[in-house]
Amino acid sequence: MAAPTKPTIPWKLRVTTSLLSLLLKASRRSNGTVNRRLFNLFDPQLPPNPNPIDGVTTSDVTVDATRNLWFRLFSPTTSSSAATLPVVVFFHGGGFTFLSPATTRYDAFCRSLCRSINAVIVSVNYRLAPEHRYPSQNDDGFDVVKYLDENGATLGNVGKCFLAGDSSGGNTAHHVAIRVCKERLRFVRVIGLVSIEPFFGGQERVESEIRITQDPLVSLDASDWYWKAFLPNGSDRDHEVVNVSGPNAVDISGLNYPKTLLVVAGFDPLKDWQRRYSEWLRKSGKDVEIIEYPKMIHGFHLFPYLPEFSEFLSHVSHFIVKQVAGS
């Protein structure tokens, strides 16, 4: 069967992503700053809810108020003891620049994830660029893991911990995984990484970036803007945080890097970078499993009315169950 030549997405998704693309473009100023007042007008936020909704309760936990570092805790009510459940530390997308765990779509996504895989979800509110450039996001992510190492025993089984993230959050999850491998944590043991359409790149223009222009949320111009807003001044896209498999990549061959589930969308302009990442993991002696959705666009997993959404949750659940059983 020939590969699809255009994404198969319903009109509802086309309208939603097109409107979001317009909002993001309007909020990104040409001088590298963000019009947060404008964006926040159209970024509905949900408060935590201690009352069960679809079998999940939520609460917000402060890690460091001085830098607004906190996480939203999603706990399934179907389990008699949350302390026995695996813990998934999740990093949201948004180009390192937008959104939060309270964003309606991410609250709903983490709620679905919590319910479907029967795990505790820790959704991290990290500092945003360009006000806070690299490595602020990675520092915040690792500090949440350290918080769980010191305080997480009552929240879930941190000895069966996963890191996960989508888009820019997938980038953060990768670098936090490296930090965890290099540190000596007492109780947290990361046994898996779920990388959902991760945001990687480089100075080179890969074929998928040039060819795929139908994705409303990812374009060369937008990606370049996000990297420039995120990176330290004077750095280019071959920086180790961007081109994770490139000339400046961190050597992970000697690290106990977790087995990775990599989710790829067929019409994501970033997919060639994601495939290079998987090849680099294998060359570094690490296990990686790839699930590809050939007809989907970047960010499809955030839309539960798509048939692929339930398939995605099933794949993630299977991966986590398998890793827990083998740990």
Side-chain angles (χ1 to χ4, degrees), residues 63 69 71-72 74 86-97 99-101 106 109-110 113 117 119-129 134-149 158 160-183 185 188-201 226 230 240-245 249-250 252 255-265 268 270 273-274 276-278 280-281 284 286-291 298-299 301-302 312 315-316 319-320 323:
V63 177
L69 177 59
F71 61 82
R72 179 155 294 181
F74 297 78
V87 175
V88 179
V89 181
F90 178 78
F91 303 98
H92 67 82
F96 309 103
T97 306
L99 309 175
S100 83
Y106 273 113
F109 172 74
C110 287
L113 197 62
I117 67 178
V120 172
I121 310 298
V122 171
S123 183
V124 179
N125 187 73
Y126 52 81
R127 288 170 291 176
L128 299 176
Y134 169 85
S136 298
Q137 296 74 16
N138 295 353
D139 290 344
D140 289 351
F142 180 67
D143 284 348
V144 167
V145 175
K146 286 199 298 183
Y147 178 91
L148 295 176
D149 194 51
V158 295
K160 298 183 185 297
C161 186
F162 294 80
L163 300 177
D166 69 330
S167 194
S168 59
N171 180 299
T172 302
H174 164 71
H175 291 286
V176 171
I178 292 175
R179 291 273 292 272
V180 170
C181 289
K182 292 180 176 181
E183 296 284 338
L185 301 177
V188 168
R189 181 169 170 244
V190 176
I191 61 173
L193 171 63
V194 181
S195 188
I196 308 165
E197 303 135 61
F199 187 28
F200 299 135
Y226 288 128
F230 170 67
E240 65 182 52
V241 75
V242 182
N243 194 348
V244 297
S245 58
V250 177
I252 65 168
L255 300 179
N256 187 27
Y257 192 89
K259 181 172 181 178
T260 300
L261 175 66
L262 175 62
V263 178
V264 177
D268 185 347
L270 304 172
W273 290 114
Q274 296 157 3
R276 288 190 183 187
Y277 169 61
S278 69
W280 171 76
L281 287 176
S284 299
K286 309 307 172 188
D287 292 332
V288 58
E289 176 184 346
I290 303 178
I291 302 294
H298 188 87
H301 59 282
L302 295 174
F312 162 81
H315 281 136
V316 174
F319 174 77
I320 286 178
Q323 290 303 109

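We count residues from 1, following the sequence as given. It should be emphasised that the depicted structure is a prediction, and the values quoted were computed from it without experimental measurement.
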Q) Which of parallel (below 30°), tilted (30 to 60°) and perpendicular (above 60°) describes H301 and F312? A) tilted

Q) Sequence neighbours excluded, which residues qualify as side-chain contact (heavy atoms from CB on, under 4.5 Å) partners of N138? A) Y134, T172, H175, R179, V241

Q: Apply side chain to side chain donor-acceptor pair (under 3.5 Å) to N125 and list each qualifying residue two or more places apart in sequence or on a separate chain.
A: none

Q.
My understanding is that only residues two or more places apart in sequence, or in another chain, count here; which of them pass side chain to side chain donor-acceptor pair (under 3.5 Å) with K286?
A. none

Q | salt bridge (charged side-chain N to carboxylate O under 4.0 Å, His left out) partners of E183, counting only residues at least two apart | A | none

Q.
If the condition is salt bridge (charged side-chain N to carboxylate O under 4.0 Å, His left out), which residues does D166 pass it with, not counting sequence neighbours?
A. none

Q: Could I get the full list of ring pair (Phe, Tyr, Trp, His ring centres under 6.0 Å) partners for Y257, not counting sequence neighbours?
A: H174

Q | Partners passing side-chain contact (heavy atoms from CB on, under 4.5 Å) against S245 (at least two apart in sequence or in another chain) | A | N243, R276, W280

Q. Taking only residues two or more places apart in sequence, or in another chain, which ones meet A265 in a side-chain contact (heavy atoms from CB on, under 4.5 Å)?
A. E197, D268, M296, F300

Q: List the steps, then state whether salt bridge (charged side-chain N to carboxylate O under 4.0 Å, His left out) holds for D149 with K146.
A: CA-CA 5 Å; D149 194 51; K146 286 199 298 183; over 6 Å; no

(Q) Applying side chain to side chain donor-acceptor pair (under 3.5 Å), can you list everything that pairs with Q137, at least two apart in sequence or on another chain? (A) none

Q: Classify the angle between the aromatic ring planes of Y277 and F200 as parallel (below 30°), tilted (30 to 60°) or perpendicular (above 60°).
A: tilted

(Q) Going by the rule side chain to side chain donor-acceptor pair (under 3.5 Å), which residues pair with H92 if we only count those two or more places apart in sequence or in a different chain? (A) Y126

